[in-house]
Amino acid sequence: MVQEYSELDDKAPRADGRVHEDQVMPGPVSGSGRLDVSKPIWPFEPDAGDGKKKTGKAAKGIKSSKKDKKAKRVKKARKSKSGKRRETALPALFQPMELRDQHIRNRIWMPPMDTYSSLRHDGVPTNFHYQHYVSRALGGFGVVIGEATAVNPQGRISPCDVGLWDDEQTRAWQGIVRDVKAAGAVPIVQLNHSGRKGSSGCSSMGYINATVPVAEGGWQPVGPSPIAFGRMAVPVQLSRAQIASIVADFRSAAVRAVQAGFLGVELHAAHGYLLSQFLDPLINRRSDEYGGDLSGRMRLLIQVIDAVREVIPSGMPLLVRMSATDWATGGWGLDETIRTAKVLKLHGVDLIDVSTGGLVPGVKIPAAPNYQVPFSYQVRSQVLIPTTAVGLITKPRQADRIVRKGLADAVEIGRASLRDPYWPLRAAYKLGLSAQQAPYPEPYRRGAYGIAR
């Protein structure tokens with residue numbers, strides 16, 4: 001028997017008026033609790049020095065303000081006579097945090113990003129994955145979240161995705177996880193089932209944004225309802241028995257994650273993959289207990305959470321990644337995200353990894369620096385649960401301010417980390433930390449930023 005959630009009958013706190021005035025996230029929020037997607041979202045003004053440089057003649061005539069002069073004095077005071085930086089109070093971005101039994105050294109996380117690099121199409125991570133993840137751990141990230149890891153072969157996004165459904169995959173992950181931990185980061189696996197977005201192509205085989213034919217290694221995608229994503233194949237609607245089997249696959253993958261040595265599990269309920277497909281009313285048109293109202297549409301996610309929480313240690317954090325909106329009229333929005341997150345918290349979820357979009361094609365997303373931060377803040381402040389913020393967060397002061405202002409508990413540095421595996425070390429220097437305070441591996445400390453030779 002699946003529990004019915006009476007708390008869903010209560011009116012969820014509105015996103016625009018039920019928190020203290022000085023805590024309200026600036027930004028266009030409508031009375032329905034949905035962000036007004038017709039207007040640009042600027043959660044706060046960037047700090048001076050967040051990366052915008054003055055150019056041209058206008059910049060030459062600008063005199064330094066008292067604030068600028070004070071900043072220069074502070075910067076100068078950070079150095080001793082030898083030229084080395086003195087230790088200073090840790091900025092918010094480098095404050096440690098705790099999730100259940102896990103001590104995390106800072107608030108800079110590497111988010112899950114698909115690499116489509118299991119080129120034998122067997123779901124086994126390779127030497128590339130070892131270098132990819134261990135280098136970011138050596139680079140100072142507090143948490144390294146692995147890419148979408150399928151719980152069964154049909155749950156892969158593409159034939160080139162990694163998985164965690166057999167012994168060979170488990171053994172391959174063990175070496176990666178061991179050395180991520182040895183480098184000081186907390187390794188977390190993201191478990192996923194692709195649903196209707198499965199069997200798509202990848203760069204090594206083509207069929208980008210299209211379905212790979214069965215004859216070339218693809219498979220028949222499945223989903224809550226027979227509604228295709230864009231020009232991909234129409235999925236087969238899952239039966240109750242198939243849903244139960246997928247829940248069991250998530251449970252088995254979580255057991256393997258523990259065996260592989262991961263210190264946390266994240267469930268992918270965002271970006272239009274299976275768990276988020278069941279949540280979204282534009283995708284889930286079922287008339288049974290897995291469809292209809294919100295309590296029905298969240299049923300599969302709750303069953304997966306309960307199954308995973310049963311088999312992982314009590315001290316292991318359980319995270320859920322959610323798209324706070326699908327950016328579509330009549331679809332999934334912030335109100336439903338907040339109401340669902342309240343239920344997830346009751347079932348042992350420790351943190352919501354807040355993102356947006358990916359559920360339905362053809363929508364306009366107002367991407368800009370910090371554009372997803374307001375969603376993370378609203379979930380954090382209204383559910384009273386830790387959150388992360390992600391999306392066009394690229395500069396150290398920008399990231400530090402998000403954490404310092406309480407807009408999220410951690411920030412995820414995605415594409416910027418692909419350009420710079422050592423982003424946290426550069427951020428530490430930009431924020432005034434000494435080489436001893438920054439998360440350098442000991443052999444790298446002599447090459448720290450700011451050292452003259």
Side-chain angles (χ1 to χ4, degrees), residues 50-51 75 78-80 83-113 129-146 175-189 261-264 266 317 319 351 353 386 388-390 393-404 408-452:
D50 271 357
K75 187 174 181 180
R78 284 175 179 162
K79 293 188 177 182
S80 66
K84 293 182 179 180
R85 291 193 175 194
R86 295 170 178 167
E87 292 197 359
T88 185
L90 288 175
L93 193 61
F94 284 90
Q95 293 284 345
M97 64 182 293
E98 312 287 328
L99 278 180
R100 294 207 179 223
D101 288 351
Q102 294 308 315
H103 175 81
I104 302 169
R105 61 184 172 185
N106 59 46
R107 310 302 180 98
I108 309 171
W109 294 20
M110 179 186 177
M113 294 176 286
H129 295 94
Y130 177 91
Q131 294 172 353
H132 177 62
Y133 291 115
V134 175
S135 65
R136 272 74 190 177
L138 288 169
F141 284 85
V143 168
V144 171
I145 306 180
I176 298 171
V177 170
R178 178 196 63 227
D179 287 353
V180 167
K181 290 190 286 190
V186 173
I188 294 177
V189 64
F262 283 102
L263 298 179
E266 175 171 281
L319 290 59
L351 179 143
D353 181 353
T388 59
V390 68
I393 302 169
T394 61
K395 302 182 185 304
R397 292 186 182 88
Q398 173 194 14
D400 182 64
R401 192 175 190 194
I402 290 169
V403 178
R404 176 163 45 87
D409 294 271
V411 295
E412 296 184 357
I413 306 299
R415 296 184 186 187
S417 75
L418 299 180
R419 297 188 291 270
D420 182 3
Y422 303 99
W423 192 96
L425 302 179
R426 182 167 57 83
Y429 179 73
K430 292 282 188 180
L431 295 173
L433 273 67
S434 70
Q436 295 301 318
Q437 290 175 301
Y440 280 97
E442 194 56 43
Y444 288 9
R445 208 172 294 282
R446 60 186 173 179
Y449 283 101
I451 292 180

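Judged purely by atom type and a 3.5 angstrom limit, Arg107 uses its side chain to pair as donor or acceptor with the backbone of Pro96.
The heavy-atom pair separating Leu99 from Pro386 by the smallest distance is CD2-CG, 4.5 Å. Between Met113 and Leu418, the closest heavy-atom pair is CE-CD2, 3.8 Å. Here the shortest heavy-atom pairing between Ala185 and Pro187 reads O-CD, 3.4 Å. Closest heavy-atom contact between Gly261 and Lys181: O-NZ, 3.0 Å. Closest approach of Gly142 to Asn106, counting heavy atoms only: N-OD1, 3.0 Å. Closest non-hydrogen pair, Gly139 versus Leu425, comes out as O-CG, 3.3 Å.
If you take CZ on Arg397 and CZ on Arg401, they are separated by 12.5 Å, rounding to the nearest 0.5 Å. Considering CE of Met97 and CZ of Arg105, their distance stands at 14.0 Å, rounded to 0.5 Å. Atom-to-atom distance recorded for Ile188:CD1 and Gln102:CD is 8.0 Å, nearest 0.5 angstrom. Expressed to the nearest 0.5 Å, how far CD1 of Ile145 lies from CG of Leu319 amounts to 6.0 Å. Rounding to the nearest 0.5 Å places CD1 of Ile176 at 8.0 Å from OH of Tyr133. Expressed to the nearest 0.5 Å, how far CZ of Arg136 lies from CH2 of Trp423 amounts to 13.5 Å.
Residues Val403 and Val411 have side chains in contact (heavy-atom distance under 4.5 Å, counting atoms from C-beta outward). Residues Ile413 and Thr394 form no side-chain contact, since every pair of their non-hydrogen atoms from C-beta on lies 4.5 Å or further apart. Counting heavy atoms from C-beta outward, Glu266 and Val189 have side chains that stay 4.5 Å or more apart. Trp109 is listed as a side-chain neighbour of Ile104, based on a closest heavy-atom distance under 4.5 Å. Within the 4.5 Å cutoff, side-chain heavy atoms of Pro91 are placed close to those of Leu433.
Surrounding OH of Tyr449 are more than 12 heavy atoms belonging to other residues, nucleotides or ligands, all under 6.0 Å away. Within 6.0 Å of CZ in Arg445 there are more than 12 heavy atoms belonging to other residues, nucleotides or ligands.
Screening Ser135, Pro439, Ser417 for a side-chain contact (heavy atoms from CB on, under 4.5 Å) with Phe141, the sole residue that qualifies is Ser417. The only option from Ile108, Asp353, Ile393 that meets the side-chain contact (heavy atoms from CB on, under 4.5 Å) definition with Glu412 turns out to be Asp353.
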Assess the residue pair Leu90 and Gln437 against the criterion (side-chain contact (heavy atoms from CB on, under 4.5 Å)); give the C-alpha distance rounded to whole Å, side-chain angles, the decisive distance to 0.1 Å, and a yes or no. CA-CA 8 Å; Leu90 288 175; Gln437 290 175 301; 4.2 Å; yes
If you apply the rule side-chain contact (heavy atoms from CB on, under 4.5 Å), what do you find for Thr388 with Leu351, and how did you get there? CA-CA 8 Å; Thr388 59; Leu351 179 143; 3.8 Å; yes
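Partners of His129 by ring-ring contact (aromatic ring centres under 6.0 Å, His included), not counting sequence neighbours: none found.
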